[in-house]
Amino acid sequence: MAGVALGQVVAYAGGALFLFVYLRSGRARLKLAVGATKLQGALLRDILRVGALACLSPFQTVLTILVLTRLVARFGTDALAGYGIGTRLEFLLVPIAFAVGVASVPLVGMAIGAGLIARARRVAWVSAAVAFIGLGVLGVVLALFPNVWTGQFTRDAVVLASAATYFHWTGQAGGPVLAGMGMVAYGLAMAVLVHRATWGPKPV
């Protein structure tokens with residue numbers, strides 16, 4: 001377990017270091033000048049107006065996983081292993097939905113900034129449809145064939161059955177679909193908030 005935790009720390013630290021060096025190198029269009037950066041209260045408030053809301057989504061996800069992990073642990077290690085395999089896949093699906101949301105943010109922001117409200121709505125609906133269909137298909141496939149994923153990690157029949165139950169219920173309840181649409185909606189909401197904080201309110 002120490003190796004797993006260390007792998008996370010090394011991976012994120014390496015990624016942050018690479019981006020820092022790249023932004024300082026001058027090859028990026030935006031050069032990071034650390035010494036010339038001064039903290040300004042007004043800018044911090046504008047950033048936190050959006051960033052504080054952004055923190056709620058991952059916090060809610062991780063907190064839900066922690067609470068459910070504690071509840072599932074009461075049913076034994078086999079059930080906990082099956083649940084862990086299932087939730088790991090959901091964490092892997094988050095970047096897919098997040099990618100759709102991130103791609104939608106500038107499109108919605110530009111449309112709202114230009115006063116093209118109808119276009120902004122179309123982008124929002126198309127983005128939600130992409131996440132709905134993409135993650136929805138994955139959810140249905142896993143509900144029908146859970147061993148496609150769980151079989152990569154274990155051959156234990158009890159663990160496979162626990163993971164299959166998890167995917168059966170989350171697939172039927174549309175867990176991946178709702179997660180995808182929620183992530184896209186979050187991204188679009190951030191675009192609207194950023195625009196309003198910068199240019200003032202406009203009807204949507």
Side-chain angles (χ1 to χ4, degrees), residues 1-39 43-106 131 134-135 138-139 142 146 148-156 159-160 162-163 166-167 170 175-176 178-180 182-187 189-190 194:
M1 293 304 294
V4 176
L6 182 60
Q8 292 280 342
V9 173
V10 171
Y12 280 107
L17 179 61
F18 172 80
L19 292 175
F20 178 80
V21 173
Y22 177 74
L23 291 173
R24 290 281 294 169
S25 67
R27 289 179 293 171
R29 293 188 177 183
L30 177 65
K31 185 175 181 179
L32 183 63
V34 179
T37 303
K38 296 181 180 180
L39 296 179
L43 291 178
L44 287 175
R45 285 192 296 271
D46 286 340
I47 293 172
L48 290 176
R49 189 183 307 174
V50 178
L53 292 176
C55 292
L56 294 179
S57 178
F59 177 77
Q60 180 185 12
T61 300
V62 174
L63 180 61
T64 301
I65 295 296
L66 288 175
V67 172
L68 291 178
T69 298
R70 177 65 181 88
L71 295 175
V72 174
R74 298 178 180 178
F75 296 96
T77 56
D78 292 329
L80 187 61
Y83 172 74
I85 293 173
T87 53
R88 175 48 51 191
L89 178 63
E90 288 201 22
F91 269 116
L92 293 177
L93 294 179
V94 168
I96 299 176
F98 187 73
V100 177
V102 168
S104 306
V105 168
L135 297 183
L138 289 175
L142 289 172
V148 171
W149 171 257
T150 56
Q152 306 299 318
F153 301 93
T154 182
R155 298 297 179 187
D156 187 283
V159 176
L160 290 174
S162 299
Y166 176 84
F167 284 127
T170 57
L178 296 176
M183 190 66 74
V184 172
Y186 150 75
M190 291 302 101
V194 169

Problem set entry | side-chain hydrogen bond (donor to acceptor under 3.5 Å, both in side chains) partners of Thr150, counting only residues at least two apart |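 Once residues adjacent in sequence are excluded, the partners of Thr150 under the side-chain hydrogen bond (donor to acceptor under 3.5 Å, both in side chains) criterion are Asn147.
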
For this session: Please identify each residue that fulfils side-chain hydrogen bond (donor to acceptor under 3.5 Å, both in side chains) with Thr77, with sequence neighbours left out.
Result: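 side-chain hydrogen bond (donor to acceptor under 3.5 Å, both in side chains) list for Thr77, sorted by chain: empty.
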
Side-chain donor-acceptor distances from residues 65-74 under 3.5 Å, at least two apart:
from	atom 1	to	atom 2	distance (Å)
Thr69	OG1	Ile65	O	2.6

Exercise. Closest heavy-atom contact between Ser162 and Gly82?
Worked result: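 Result for this residue pair: CB-CA, 4.1 Å.
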
For this session: Heavy atoms only: give me the nearest Gly86-Phe167 pair and the separation to one decimal.
Result: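 Closest heavy-atom pair between Gly86 and Phe167: CA-CZ, 3.5 Å.
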
For this session: Going by the side-chain contact (heavy atoms from CB on, under 4.5 Å) test, name the single residue among Val62, Thr64, Leu63 that passes it with Gln60.
Result: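 It is Thr64, the one option of Val62, Thr64, Leu63 that forms the side-chain contact (heavy atoms from CB on, under 4.5 Å) with Gln60.
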
Exercise. With respect to Asp78, which candidate in Leu160, Val159, Thr154 satisfies the side-chain contact (heavy atoms from CB on, under 4.5 Å) definition?
Worked result: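 With Asp78 as partner, side-chain contact (heavy atoms from CB on, under 4.5 Å) holds for just one option, Val159.
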
Exercise. Given Thr87 and Tyr166, is the side-chain contact (heavy atoms from CB on, under 4.5 Å) satisfied, shown in steps?
Worked result: CA-CA 9 Å; Thr87 53; Tyr166 176 84; 3.6 Å; yes

For this session: Tell me, please, which residues at least two apart from Phe75 pass side-chain contact (heavy atoms from CB on, under 4.5 Å).
Result: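 With sequence neighbours excluded, Phe75 shows a side-chain contact (heavy atoms from CB on, under 4.5 Å) to Ala79, given in chain and number order.
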
Problem set entry | Contacts of type ring-ring contact (aromatic ring centres under 6.0 Å, His included), residue Phe153, not counting sequence neighbours |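 Applying ring-ring contact (aromatic ring centres under 6.0 Å, His included) to Phe153 gives Trp149.
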
